[in-house]
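Below is one structure, written out as structure tokens, with a few remarks after it.
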Amino acid sequence: MEYPITQDAGLEARDDRLVTDSARTDRPTPDVDVVVVGAGIAGLYLAYRLSRAGHRLRVFEAGDDLGGTWYWNRYPGARVDVPSIDYMYSFDPNWQRDWQWSEKYATQPEILRYLNHIADKHDLRRHITFSTRVRQAGWDDGASLWRVRTDGGDDVSARFVVMATGCLSMPKQAEVDGLESFTGEVYFTSRWPHDPVDFTGKRVAVIGTGSSGVQSIPVIAEEAREVVVFQRTPTFSIPARNGQVSPERLALFAANEADYRSAARMSPGGIPMERSITPTFSVSEAERQQRYERAWGIGELFEAINVYADVLSNPAANHEFAEFFRNKIRAIVDDPQTASDLCPTDYPVATKRPCLDTNYYATYNLPHVRLVNVRKHPIRQITETGIDTAHEAFTFDAIVFATGFDAVTGAITAVDITGRDDAALKDKWADGPQTYLGLTTAGFPNLFLITGPGSPSVLSNMAVSIEQHVDWVLDCLGHLRAHGFAAIEPTATAEAGWTQHVNDCADITLFPAANSWYMGANVPGKPRVFLPYPAGVDFYRATCDEVVARDYLGFKLSGPEGSMCNDGLVRRLQPDVEMILIQMAAMNLPTLDSMPVDEARAFYAQMSTTRPPGPDVGEIVDGVLPGATGDLAYRLYRPPTPGPHAIVVFFHGGGWVVGDAVSDDPLCRDLCVRSDAIVISADYRHAPEHRFPAAVDDAMAAVRWVADNAEALGGMPGRLAVCGWSAGGNLAAVVSRLTRDAGGPHIVGQVLLTPPTDGDLTRASYVENADGYGLTTALAQWCYDHYIDPADRRDPRFAPLCAGDLSGLPPAIVVTAEFDPLRDEGKAYAAALDAASVPVEHVRARGHTHQSLTMVDVALSGAPVRARIANALRGFFLPTRTPETAA
Ligand SMILES: Cc1cc2nc3c(=O)[nH]c(=O)nc-3n(C[C@H](O)[C@H](O)[C@H](O)COP(=O)(O)OP(=O)(O)OC[C@H]3O[C@@H](n4cnc5c(N)ncnc54)[C@H](O)[C@@H]3O)c2cc1C
């Protein structure tokens, strides 16, 4: 039985109002309520929260002691890369009474001491079984519980399983032949011995220059007689400038620790910091260099990446910042060849986690340290005495592997997890992980993943992300119990939506351009999928909270008394579009329809002064052309390539009331460059001074004039298309039909971007998207009322959808946006063209709004749609579509 969700007060129930399983169900009572796998930061916090909430639990840990990352990674130089006072639990507010961090960036031993101190202080060890690896976890649907098996022979049943197995806990296999033949010492940074390792007087090889390599190489070089570093991919690294804990930060804590922690939770990366909103090229070269220097000097990773808003999205911005790094490397490293080899050039900066170092680059100036670039000198094999490259044989006493991890998913899929119908998680994730919120996965009820794929995890300060996940899980368990549910599982719809959303977020960044472990690219055979959630800790937390507030949207909750499912998608807008809408809402701007027309026009013009200009074109020419009753302004955009070019006559948006020949400037530039065509943005008379059909008459006049003067304008006669956005899209459609009926000029194609085609306000899209997405239904109505009398609204010069015969119209591309009141009339027009056998491509822009596709360099997710438009234009202009051949 499905029963509807009710908004009862019990939805707020928390852990302290527990109802035990046995009181609620007649199902077998499991051995424990929760099995936790792993005793790192996550496992310890789970033990704390679960035990305090009265859950019976067992924690299994493969290591001989607690600490996870900080238990295993004992290599020389191992440290945190976020400040220690940010990388700690927040649940222990009086921590300063019995703990003090000795450095800005604590060392591994100090963090491990801290975790032991927390475990002892809160008596957490008693829950943990050490030296025990969980091998198998199978969901028993009949009994509604998990059966968990370990390599120690444990066979434990549990209502819930929480994988706190760590994102960076499954070391990657060494990809080199002959290791077993080496007679010297072999070390893996991720499995470093507990006894001190003495490299004094030894010849040491270090393979790998990721974070562990960068941290350990300078320290190893202090002892060793000779160090040879084998590097495949160089790393961007910033000096850590370690030292005392910053007094300013401590003062912030003293003032109000709760506020400080709360700011961290609502920050992009889990450390209190404002998200940069300044685009790189909006400031002068001198200012940019100054800010880069500050980023280099401050010694904080997240601050450095945050230097400008577009470092991770704009290739040119990224290139400039990367070049700044490369110049620093060249300035530090004496030998030009070594410096060149140390400069990363084949991936954008910050698309792999940059490192924080102490003397890393300078270490290569020491006479006993040498870099071998294995891209040029590949390692052939490890021998009895050392390493052979294609060009040289090296002798070593010790080899250190700093070769990284099968990140994020490796430790999860290493356990044989089976869900409903014995489906294996490993199989489900064969083409890449699918999760809902990075916390759960469909088909595997009551399984939680701490910092799983699809959550901010390794892109954040993980201490904060771990606490957020554990808190969410605990609240969820409290909710289930308080409402008599025994199981929770995401729906396939919600999971697919989230996976899509994570990909959408990644696709507007430069992350996918790198062969990084974020992309799974470091492990042979691993699917190339962006693993973490890149939109930020703040947005992510808000999403998780929203899911709960909307009655566990996208989850099915079930129990002996029935089930509940409020299915749906939590994030449907493109991520950048959503951010723009949030920013716009925060500005609380007046709406156009609340203003007199003159004010609305001035306001519209003012708003366009703050946007990025769009790409450079070859030439811009402003002029006037004869409209139906007088001169009209136009702006011509010429491509940078040699002409002559095809021509697009463009009509701007603005509801026939606002806007002009330059108001869609960035869009016109973008279309010009992408399509390699001249774009002529022609103005037309506006309402209410000049009501329908003045704009149509002017649009026709413009098309005729351009056709007549094509050659003089640098165009190719006969290669003429029309294009328009919004009201301009309407004009483009109308002109296409009028020129057909008038027998010319010949138009080879029409581009209709979110056009009104009959102004029927009863369509569903006007209701669904009435408010909240930029163009409101009220504003659309305001435009229609200014432009045209209700009695004329079925005139095909306003409503092309009402034209009796659409056959023989130019081929079209019609773009509709999902969250646009006008969506359904654009959709209807595309269908009508198709029915009339007009070649039409209908592009449904998922997650977009009426305006967002025109926001060049602002809503980056619109770029692929504009690329499709340009592609369509190029197709229209092919000789097969020109009048000569059409005839
Ligand atoms: C060298 C290094 C430096 C890092 N520095 C930072 C930093 O500065 N800032 C930051 O935010 N993050 C950093 N990280 C990421 C770090 O992993 C997390 O910050 C955090 O420690 C993860 O905690 P965890 O409890 O989720 O996982 P882990 O600490 O990885 O603990 C997981 C535990 O689960 C155990 N386990 C796994 N599988 C099983 C199984 N099947 N059965 C039983 N036990 C199992 C493992 O043995 C391990 O002990 C670093 C990682 C590394 C490797």
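Note that ligands are numbered from 1 as they come in the structure, with each ligand's atoms numbered from 1 the same way. Throughout, numbering of the chain's residues begins at 1 and tracks the sequence.
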Ligand-side contact atoms (ligand 1) for residue partner Ser169, heavy atom cut-off under 4.0 Å: 30 (O)
Distance filter under 4.0 Å to Ala164 heavy atoms, resulting ligand 1 atoms: 32 (C), 33 (C), 34 (O)
Backbone of Ala264 reached by a side-chain donor or acceptor of Ser267 within 3.5 Å: yes
Any Ile450 heavy atom less than 4.0 Å to ligand 1: no
For atom 44 (N) of ligand 1, closest protein heavy-atom neighbour: Ala62 N, 3.0 Å
Arg49 and Val473, any side-chain heavy atoms less than 4.5 Å apart: no
Distance-only N or O hit between ligand 1 and Glu61, under 3.5 Å: yes
Selection residues 294-305 - residue pairs positive for side-chain hydrogen bond (donor to acceptor under 3.5 Å, both in side chains), sequence neighbours left out: Arg249-Glu300
For Arg133, the ligand 1 atoms whose distance to one of its heavy atoms is below 4.0 Å: 38 (N), 39 (C), 40 (C), 41 (N), 42 (N), 43 (C)
Ala39 backbone acceptor or donor facing Tyr71 side chain under 3.5 Å: no
Cationic N near anionic O, under 4.0 Å, Arg125 to Asp120: yes
Closest to atom 30 (O) of ligand 1 among Thr69, Asp64, Thr129 (heavy-atom distance): Thr69
Short N-O contact, Arg133 and Asp151, less than 4.0 angstrom: no
Tyr105 heavy atom under 4.0 Å from ligand 1: no
Ligand 1 contacted by Ser460 (non-hydrogen, < 4.0 Å): yes
Ligand 1 contact by Thr132, heavy-atom criterion under 4.0 angstrom: yes
Check: Arg159 side chain, Asn446 main-chain N or O, donor-acceptor pair, under 3.5 Å: no
Close N or O approach (Asp81, ligand 1; < 3.5 Å): yes
Any side-chain heavy-atom pair of Thr403 and Glu175 under 4.5 Å: no
Residue-ligand contact Ala78/ligand 1, heavy atom below 4.0 Å: no
Check: Val80 N/O within less than 3.5 Å of ligand 1 N/O: no
Minimum side-chain heavy-atom gap Leu437-Tyr540 below 4.5 Å: yes
Axial cation check for Tyr347 ring with Lys352, 6.0 Å and 45° limits: yes
Heavy-atom nearest neighbour of atom 5 (N) of ligand 1 within options Trp70, Tyr87, Tyr71, Tyr75: Trp70
Polar contact flag for Ile466 and ligand 1 (N/O pairs, less than 3.5 Å): no
Enumerated ligand 1 atoms positioned under 4.0 Å from heavy atoms of Val415: 41 (N)
Any N/O pair Ala42/ligand 1 closer than 3.5 Å: yes
Side-chain ion pair, Lys428 and Glu495, N-O less than 4.0 Å: yes
Ligand 1 to Met462 polar contact by distance, N or O atoms, under 3.5 Å: yes
Those residues that, when tested against Tyr187, pass ring-ring contact (aromatic ring centres under 6.0 Å, His included) (two or more places apart): Trp192, Phe199
Plane angle bin for Phe401 and Phe188 - parallel if under 30°, tilted between 30 and 60°, otherwise perpendicular: parallel
Val82: numbered ligand 1 atoms lying under 4.0 Å from its heavy atoms: 8 (O), 9 (N)
Sub-4.0 Å atoms of ligand 1 with respect to non-hydrogen atoms of Phe405: 53 (C)
Nearest neighbour in protein (non-hydrogen) for atom 40 (C) of ligand 1: Val37 CG1, 3.4 Å
